[in-house]
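Comments concern the structure below.
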Amino acid sequence: MNVPPHYWYNINVDLLRPLPPPIDPYEADSRIALLMRILPSELLDQEFTPLRYVPIPEEIRELYERMGRPTPFKRAYGLERVLGNGVRIYYKFEGALPAGSHKLNTAIPPGLLCNKG
């Protein structure tokens with residue numbers, strides 16, 4: 001049984017230098033003030049969190065499960081035979097999901113969080 005993870009990993013915490021703030025291409029100023037006016041605070045909290053592991057809200061985990069996330073690992077027996085080096089190779093088959101993986105992973109959280117705010 002595949003169970004959705006309980007946390008998202010925030011790569012920003014592990015970067016050598018922090019990412020610069022969003023810049024307005026027309027004004028050359030930071031867009032954070034604009035973002036605060038147009039985005040729900042839950043999304044901004046997530047975007048600029050100092051946490052390495054961000055808890056995934058239960059309602060998002062439940063939706064992931066209902067939509068077939070996460071997909072199971074499959075073993076690449078044919079590739080293992082061709083390589084012939086005794087290594088076990090696994091891959092994620094995302095083709096079983098009609099919408100693909102990235103769309104579900106990136107659309108569900110903001111949609112639910114925006115609905116809250």
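- Using a 4.5 Å cut-off on side-chain heavy atoms (C-beta onward), P55 and W8 make no contact.
- The closest side-chain heavy-atom distance from P5 to Y53 is not below 4.5 Å.
- Every residue two or more places apart in sequence or in another chain that forms a side chain to side chain donor-acceptor pair (under 3.5 Å) with E80 is listed here: R75.
- Between the CZ atom of R61 and the OH atom of Y7 there is a distance of 9.5 Å, given to the nearest 0.5 Å.
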All N/O donor-acceptor pairs, side-chain side in residues 44-51, below 3.5 Å, sequence neighbours left out:
from	atom 1	to	atom 2	distance (Å)
T49	OG1	L51	N	3.1

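- Taking 4.5 Å as the limit, every side-chain heavy atom of V54 sits out of range of all side-chain heavy atoms of I56.
- In this structure, I11 places its CD1 atom where only 12 or fewer heavy-atom neighbours from other residues, nucleotides or ligands lie under 6.0 Å away.
- When the side chains of ILVMFWY residues are joined at heavy-atom separations under 4.5 Å, either directly or via intervening members, V87 and L79 end up in a single hydrophobic cluster.
- Remark: D14 pairs with Y9, R52 by the side chain to side chain donor-acceptor pair (under 3.5 Å) rule, at least two apart or across chains.
- A distance of 11.0 Å separates CG of L83 from CZ of R81, quoted to the nearest 0.5 Å.
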